[in-house]
Amino acid sequence: MIEIRNLSKSYGKLEVLKNINLSINEKEVVVLIGASGSGKSTLLRCLNYLEVAQSGEIIIDSDKIDIAKTDLNKVREKVGMVFQHFNLFPHKTVIENIIEAPIYVRKKSKSEASAKAMELLKKVGLEDKANFYPEQLSGGQKQRVAIARALAMEPKVMLFDEPTSALDPELVGEVLQVMKDLANDGMTMVIVTHEMGFAKEVADRVIMLADGNIIEEGHPSDIFSNPKHERTQRFLNQIL
Amino acid sequence: MIFLQNIVGIFSEHGLAFLKATWTTIAITAISLLFALIIGLIFASFKISSNKILNWIADIYIGVIRGTPLIVQIMFLYYGLANIINLDSFTAGALALGVHSGAYIAEIFRGSVQSIDRGQMEAARSLGMPYSLAMRRIIFPQAFKRSIPSLANQFIIGLKDSSLVAYIAVTDLYNTALGVQGENYMPFETYFVVGIYYLIIVLIFTWIAKRLEQKMDVSKPKEVSIA
């Protein structure tokens, strides 16, 4: 589903990603972990070209991405993204947030997009909030709307960039539950998170990054109970 | 008491002339500001653009306009451009006022677009929206709302600045006052009267702007949450 080859990214002299190679299968749930500055968010953002890597290639759903030639908007349609700070459109209601891209990008009719949006809102348990504005929602509700908004484009892959980091502790669970349901539905997911419990339960693979390198990867039970790399051990000790 | 009598006299004698002039002032202001909004939008886009040449063009335009007096710009356009193309004073005045306000409005738009959280653009792009669509549908509506107070301020400045077109013989409010006081030798009363005209227009406009601002405030709940 996703194939990353020799991906490197730097900001000026600072190398954030160093020659990353990674392949992600269909329906796989991959969790990226690592200390802040390890490059995990950058790697995720490279996958839908919010960050443009200097070298390397990314193949998503068998389309090789060459930024000069490929229509990035088409790639982004296939890749849904959920942000730490939700980034809902504050001037639009919940349902308007969700139908915006299906209508203006996919050229769907308003009624078709709205029907789909209501279905998605039901899925994330917010069908009664369709006509609310984002600012009237709690953080957890906002993030669930953001997930529904991304799903409305029927992506092949969902990227989550620390989706629960900005939430009050009591609201984390509802978002993780939606993500779990999504994983159970067979969505391919790449998640940057510090929720190790969630990673243990849901992830098929955990990838540890440090200084722009993948230093360790494996099944969560192996990584968490028996980390091989000294950096992984230290990181897990600090966080757990 | 004589002051009041004189004022009433000016109103009854020149009321119609002032009313006509009010129309001219409002028309030249409205046309120039419409023009300024378009210029402002274009040059704000130039400034935000990643194209260096467009940035320079915008910087030069804004720099020159902000760096020279409006009266010089009006004279330059009217007497300078009139040699090349035939411009009547009203058109030249509206053009000069528009070009002038446009520079300030460009900066207002640029500031409010850049004040929108970068995550908004990222979210729009990640949904597959092309840059221009994301700008039009997501960024500009939010930026516009944010720029209303500054725009209203600029509009008021534009209205008052329009009095300078009197110097290229547009018969606006100020020019009418000039004529009236030359006739009745009562500058004190005449400028008092014309001041009232300007004040009333500004107050009405301020009220409209306030209403617009309230109306644009989408944060007001459409529905009450029962949960």
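Side chains included, hydrogens not; waters and symmetry mates left out as well; all remaining heavy atoms used. Predicted, not measured: the structure shown is a model, and the values here were computed from it. Letters go in sequence order (proteins before strands), and every chain restarts at 1.
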Show me the side-chain donor-acceptor pairs of residues 150-164 of chain B shorter than 3.5 Å, one per line, residues at least two apart or across chains.
from, atom 1, to, atom 2, distance (Å)
B:S162, OG, B:L159, O, 2.5
B:S163, OG, B:K160, O, 2.7

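Here CE of B:M121 is found 12.5 Å from CG of A:N87. Values are rounded to the nearest 0.5 Å.
Heavy atoms closer than 4.5 Å to chain A are found in both the backbone and the side chain of B:I138. If you measure heavy-atom distances from A:Q84 to chain B, you find no contacts under 4.5 Å at all. No part of A:R106 comes within reach of chain B, as not one of its non-hydrogen atoms sits under 4.5 angstrom from that chain. Heavy-atom distances place both the backbone and the side chain of B:A124 under 4.5 Å from chain A. For a residue to count as touching a neighbouring chain, one of its non-hydrogen atoms must lie under 4.5 Å from one of that chain's; by this rule B:R136 does not touch chain A. Proximity to chain B (any heavy atom under 4.5 Å) is restricted, for A:L88, to the backbone atoms N, CA, C and O. The contact between A:Y104 and chain B is made by backbone and side chain atoms together, counting heavy-atom distances below 4.5 Å.
Other residues, nucleotides and ligands contribute over 12 non-hydrogen atoms within 6.0 Å of the CG atom of B:N51.
Counting heavy atoms from C-beta outward, B:S126 and A:F83 have side chains that approach closer than 4.5 Å. You'll find the side chain of B:E122 reaches within 4.5 Å of the side chain of A:R45, heavy atoms only. Side-chain contact between B:R125 and A:N73 is present, with at least one heavy-atom pair separated by less than 4.5 Å. Between A:V105 and B:L127, every side-chain heavy-atom pair lies at or beyond the 4.5 Å cut-off. For the pair B:K145/A:H91, no side-chain contact is recorded, criterion being any heavy-atom separation below 4.5 Å from C-beta on.
Residues B:G128 and A:E77 approach most closely at CA-CG, 4.1 Å, considering heavy atoms.
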Check your understanding: Between A:K92 and B:R137, does a side-chain contact (heavy atoms from CB on, under 4.5 Å) hold up when you go through it step by step?
Key -> CA-CA 10 Å; A:K92 295 183 180 294; B:R137 298 278 315 165; 3.1 Å; yes

Point to revise | Derivation of the side-chain contact (heavy atoms from CB on, under 4.5 Å) call for B:M129 and A:E100 | key: CA-CA 9 Å; B:M129 295 172 83; A:E100 178 72 19; 3.7 Å; yes

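For the salt bridge (Lys or Arg N to Asp or Glu O under 4.0 Å) condition, the pairs that include at least one residue of residues 168-178 of chain A, sequence neighbours left out, are A:R144-A:E174.
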